[in-house]
Trainee: 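My structure is below; once you've seen it, I'll send some questions.
If you read the sequence from its start, that first residue is 1, and numbering goes on from there.
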Amino acid sequence: MKPIFKLALAAGVAGMATQGQAQSIGAACGCPPVGSRTTVTLDPTSAPTVVAANGDMIPSSFTMTCNNLYILNDRFYVPDGKDLYIEPGTVIKAPNIGGGNAAALIVSRGGQLWANGTESCPIIFTAQADPLDGSYAVTNRGRWGGVILLGRAYNNVRTTDVGSVAAVTGVNGVGLIEGLTNETRNYYGAPVGQEINNDNSGVLRYVSIRHGGELLGANNEINGLTLGSVGTGTVIENIEVIGNLDDGIEFFGGTVNAKNLVVMHCDDDYIDWDQAYDGRIQFVYGLQGPDNRGGALNQGDNGLELDRDDHPTNAANGGLSGAPQIWNATIFARTDGSNADPVNLNPANTAGDEAIEAKERATGSVNNSIFVNFRSGLNLIGAVGAGNTTDNWTNGTFSAKNNTFINCANPLRINGANVTSGAQFTQFTATDGNVVLASGLVDATFDINPMLTSNTVTDRVNPVPAAGTATTTLKPALTETYLTAVQYRGAFEPGKEPWTKGWTLIEQIKGDLSAVAGCVGDLNRDGVINSADFTLFSGAFGTTCF
């Protein structure tokens with residue numbers, strides 16, 4: 001049984017998070033309360049001076065200001081040569097259209113989005129039905145489309161690639177983005193030899209994208225944030241995707257880097273890359289919900305799904321491989337049912353969720369990360385042979401190093417078989433520095449109200465390791481100037497305030513603790529304050545409290 005004080009404190013934090021939340025959005029930036037903002041509907045009928053009949057933005061530039069509440073009533077395109085500015089503290093809502101259509105913000109190749117929020121004034125995209133008071137359940141997924149950025153950096157789309165529009169455009173290197181209709185505004189990439197790898201699609205900073213992924217057809221949803229061939233000139237930092245019906249964030253080719261990403265309660269993968277994505281991703285926090293009954297309440301698939309491409313002949317046709325990197329992720333799957341709490345709805349996690357699913361000739365690396373409660377740790381898919389995933393892992397073209405897998409029954413899985421000994425397991429553990437733990441390091445227990453109709457948290461997860469733990473010797477190469485050369489595992493510095501504070505919905509409804517040694521009594525997160533905590537406390541003098 002969980003200690004009473006922990007449950008009570010968590011429930012109290014969840015309750016406080018709902019009080020006055022909607023009214024305070026953007027207050028630090030001088031924005032009026034959301035309820036008093038002027039409603040501006042963006043569609044060709046009600047806003048013809050802004051939106052053309054085909055959904056294109058008409059002015060050369062348009063600014064969304066936080067004194068308005070915007071309703072995105074259709075697909076709103078920022079076409080080539082146009083700029084959309086969104087002020088900090090601005091709220092954009094969208095309805096559940098249905099009928100094979102979905103409201104979405106789409107930045108076409110050559111267009112730019114400048115959504116530069118701040119920690120105290122994030123920019124919020126959400127469902128029209130969301131009252132913005134923290135009560136709209138995280139299981140409300142697929143209530144609108146999502147945010148889509150399309151650029152001109154490279155990918156490995158070729159004439160044989162699944163999803164390619166080469167037969168329509170007559171060129172390689174150009175794809176039709178997932179979830180949208182076949183028209184040029186929905187293409188990403190550039191003809192081979194004409195790619196712009198430093199392409200600039202704008203800035204997304206301190207942006208929260210909630211309750212998206214509306215179903216357009218069978219197995220056809222929009223990701224929370226979709227990035228198609230987006231270049232390194234684009235800034236993607238401090239992004240939250242919560243309650244999406246498809247993947248949280250997906251990279252289709254491109255070179256864009258991303259940092260400080262939060263992905264929660266989504267119905268598919270949390271971070272997904274393919275088609276020769278070649279960027280750098282650092283500091284990722286993900287959490288699947290506690291329910292695993294299937295249907296509308298099912299949450300999550302793989303923590304990371306990493307592909308090189310979707311067709312085996314792309315390499316022979318000149319397709320690129322890329323060498324993307326992920327550093328410092330902390331991702332929790334649904335728990336495995338070992339928790340004896342009678343109100344916990346978590347059955348055994350037999351759905352096949354993988355912490356890292358590397359398939360389709362995956363390349364790149366995953367480093368210094370923590371994965372909790374997944375059925376499998378590193379799952380390699382692809383028969384042994386030149387260029388296949390298993391072979392790429394063996395020769396180092398793809399790697400997973402210095403990661404910690406907690407409560408993971410099958411740490412290494414290759415082509416459907418669990419590997420527990422031999423040369424491959426030695427490579428996974430001794431050579432690559434991966435660690436397997438039964439429990440500990442982070443507080444992995446999480447419960448939300450049994451029916452999942454609200455966001456009442458009865459036991460809150462804490463992803464921040466205690467001070468002095470989760471250390472590692474591995475750090476990014478000095479040549480990787482985008483990456484921060486920290487030497488700890490996971491998304492958060494042990495014993496320090498998490499970077500989710502102040503701007504994320506998930507921080508408000510989960511109630512992340514300040515984890516600074518000496519600032520809270522339960523330093524090792526075991527649910528009780530005892531001599532084990534004092535050992536950590538005695539070495540914490542001189543550290544900073546938040």
Trainee: Write down the atom of Leu304, the atom of Phe371, and the distance for their closest heavy-atom approach.
Mentor: CD1-CZ, 3.8 Å

Trainee: With a 3.5 Å cut-off and no angle check, do the side chains of Asp307 and Trp273 form a donor-acceptor pair?
Mentor: no

Trainee: Once you round to the nearest 0.5 Å, how far does CG of Leu69 lie from OG of Ser36?
Mentor: 10.0 Å

Trainee: Between Asp130 (side chain only) and Leu132 (backbone N and O only), is there a donor and an acceptor less than 3.5 Å apart?
Mentor: yes

Trainee: Is there a side-chain contact between Arg210 and Trp144 in this structure, where contact means two heavy atoms from C-beta onward sitting under 4.5 Å apart?
Mentor: no

Trainee: Can you label the angle between the Tyr188 ring and the Phe252 ring as parallel, tilted or perpendicular, going by 30° and 60°?
Mentor: tilted

Trainee: Check Thr330, Leu261, Val486, Leu483 against Phe283 for a side-chain contact (heavy atoms from CB on, under 4.5 Å) and give me the one that passes.
Mentor: Val486

Trainee: Taking it one step at a time, do Ile124 and Ile92 satisfy side chain to side chain contact (heavy atoms under 4.5 Å, CB included)?
Mentor: CA-CA 6 Å; Ile124 298 174; Ile92 301 99; over 6 Å; no

Trainee: For a side chain to side chain contact (heavy atoms under 4.5 Å, CB included) check, start with the C-alpha distance between Val263 and Ile249, then their side-chain angles and the critical distance, and finish with the verdict.
Mentor: CA-CA 8 Å; Val263 185; Ile249 303 175; 4.1 Å; yes

Trainee: Quick one, Met264 and Val138 - any side-chain contact, counting heavy atoms below 4.5 Å?
Mentor: no

Trainee: Taking Ser369 for the side chain and Ala329 for the main chain, is one N or O donor matched with an acceptor at less than 3.5 Å?
Mentor: yes

Trainee: Do Glu119 and Tyr206 make a side-chain contact, defined as non-hydrogen atoms from C-beta onward lying under 4.5 Å apart?
Mentor: yes

Trainee: If every non-hydrogen atom of Tyr270 is compared with every non-hydrogen atom of Gly286, which pair is closest and at what distance?
Mentor: CD2-CA, 4.1 Å

Trainee: Using modelled atom types and a 3.5 Å cut-off, is there a donor and acceptor pairing between side-chain atoms of Asp199 and backbone atoms of Arg152?
Mentor: yes

Trainee: With side chain to side chain donor-acceptor pair (under 3.5 Å) as the criterion, how do Asp278 and Tyr154 come out once you've worked through the C-alpha distance, each side chain's angles and the decisive distance to 0.1 Å?
Mentor: CA-CA 9 Å; Asp278 195 26; Tyr154 70 60; 2.7 Å; yes

Trainee: Between the side chains of Asn328 and Gln282, does any donor sit under 3.5 Å from an acceptor?
Mentor: yes

Trainee: List, one per line, each side-chain donor-acceptor pair under 3.5 Å for residues 44-52, sequence neighbours excluded.
Mentor:
residue: Ser46; atom: OG; partner: Thr41; partner atom: O; Å: 3.1
residue: Ser46; atom: OG; partner: Asp43; partner atom: OD1; Å: 2.8

Trainee: Does Ile58 offer a backbone N or O that forms a donor-acceptor pair with the side chain of Asp56 under 3.5 Å?
Mentor: no

Trainee: Over all heavy atoms of both residues, which pair between Val457 and Ile509 is shortest? Give the atoms and the distance, please.
Mentor: CG2-O, 2.5 Å

Trainee: Return the CZ to CD1 distance between Phe492 and Ile370, rounded to the nearest 0.5 Å.
Mentor: 10.0 Å

Trainee: Would you tell me whether Arg361 and Thr363 have side-chain atoms, one donor and one acceptor, within less than 3.5 Å of each other?
Mentor: no

Trainee: Ignoring hydrogens and angles, state whether a donor on the side chain of Asn223 or Glu178 is under 3.5 Å from an acceptor on the partner side chain.
Mentor: yes

Trainee: Are Ile242 and Val262 close enough that some pair of their side-chain heavy atoms sits under 4.5 Å apart?
Mentor: no

Trainee: Keeping Glu240 on the side-chain end and Ile506 on the backbone end, is there a donor-acceptor pair under 3.5 Å?
Mentor: yes

Trainee: Side chains of Glu507 and Thr500: any donor to acceptor distance under 3.5 Å?
Mentor: no

Trainee: Do the non-hydrogen side-chain atoms of Lys82 and Pro59 ever get within less than 4.5 Å of each other?
Mentor: no

Trainee: Hey, are Asn116 and Arg205 close enough side-chain-wise for a donor-acceptor pair under 3.5 Å?
Mentor: yes

Trainee: Of all residues at least two apart in sequence or in a different chain, which pass the side chain to side chain contact (heavy atoms under 4.5 Å, CB included) check with Thr118?
Mentor: Cys29, Pro88, Ser120, Cys121

Trainee: Please lay out, stage by stage, how Val107 and Leu84 fare under the test side chain to side chain contact (heavy atoms under 4.5 Å, CB included).
Mentor: CA-CA 9 Å; Val107 181; Leu84 173 61; over 6 Å; no

Trainee: Got a donor-acceptor contact below 3.5 angstrom from the Ser201 side chain to the Thr234 backbone?
Mentor: no

Trainee: For Tyr285 and Asn260, indicate whether the former's side chain and the latter's backbone hold a donor-acceptor pair under 3.5 Å.
Mentor: no

Trainee: Grab the two heavy atoms, one from Gln112 and one from Val78, that are nearest each other, plus how far apart they are.
Mentor: O-CG1, 3.7 Å

Trainee: Show the nearest heavy-atom pair for residues Ile271 and Phe251, with the distance to one decimal.
Mentor: CG2-CE1, 4.2 Å

Trainee: Within the side chain of Asn140, is there an N or O that forms a donor-acceptor pair under 3.5 Å with the backbone of His211?
Mentor: no

Trainee: Out of the candidates Glu250, Glu305, Lys359, Arg308, only one should pair with Asp274 under the side-chain contact (heavy atoms from CB on, under 4.5 Å) rule; please name it.
Mentor: Glu250

Trainee: Is the backbone of Cys266 close enough, under 3.5 Å, to the side chain of Arg141 for a donor and an acceptor to pair up by distance?
Mentor: no

Trainee: Using distance alone, with no hydrogens and no angle criterion, decide if Arg75 and Asn101 have a side-chain donor and acceptor under 3.5 Å apart.
Mentor: yes

Trainee: Does any N or O in the side chain of Ser61 come within less than 3.5 Å of the main-chain N or O of Asp83, such that one atom is a donor and the other an acceptor?
Mentor: no

Trainee: Go through the structure and list residues passing side chain to side chain contact (heavy atoms under 4.5 Å, CB included) with Ala102, not counting sequence neighbours.
Mentor: Glu214, Leu216, Ile222

Trainee: Taking atom types as modelled, is there a side-chain donor on Ser229 or Asn155 under 3.5 Å from an acceptor on the other?
Mentor: yes

Trainee: Kindly indicate whether the side chain of Ser208, heavy atoms from C-beta on, has any atom under 4.5 Å from the side chain of Phe125.
Mentor: no

Trainee: Rounded at 0.5 Å granularity, tell me how far OG1 in Thr90 sits from CD1 in Ile123.
Mentor: 6.0 Å

Trainee: Just checking, any donor-acceptor pair under 3.5 angstrom between side chains of Asn186 and Tyr77?
Mentor: yes

Trainee: Please determine, by modelled atom types, if Thr484 and Lys259 share a side-chain donor-acceptor pair under 3.5 angstrom.
Mentor: yes

Trainee: How about Leu287 and Val461: do any of their side-chain heavy atoms sit closer than 4.5 Å?
Mentor: yes

Trainee: Is the positively charged end of Arg280 above the ring of Tyr482, judged by distance under 6.0 angstrom from the centroid and angle within 45° of the axis?
Mentor: no

Trainee: Report the distance from atom CD1 of Ile148 to atom CD1 of Ile177, rounding to the nearest 0.5 Å.
Mentor: 7.0 Å

Trainee: Between Leu42 and Met64, does a side chain to side chain contact (heavy atoms under 4.5 Å, CB included) hold up when you go through it step by step?
Mentor: CA-CA 11 Å; Leu42 296 176; Met64 292 184 176; 3.3 Å; yes

Trainee: Looking at CG of Asp246 and CG of Asp268, how far apart are the two atoms once the value is rounded to the nearest 0.5 Å?
Mentor: 5.0 Å

Trainee: Can you find a heavy atom in the side chain of Arg37 that is under 4.5 Å from one in the side chain of Thr65?
Mentor: no

Trainee: Can you see which heavy atom on Ile239 is nearest to which on Leu204, and at what distance?
Mentor: CD1-O, 3.5 Å

Trainee: To the nearest 0.5 Å, what is the distance between CG (Asp272) and CG (Leu227)?
Mentor: 11.5 Å

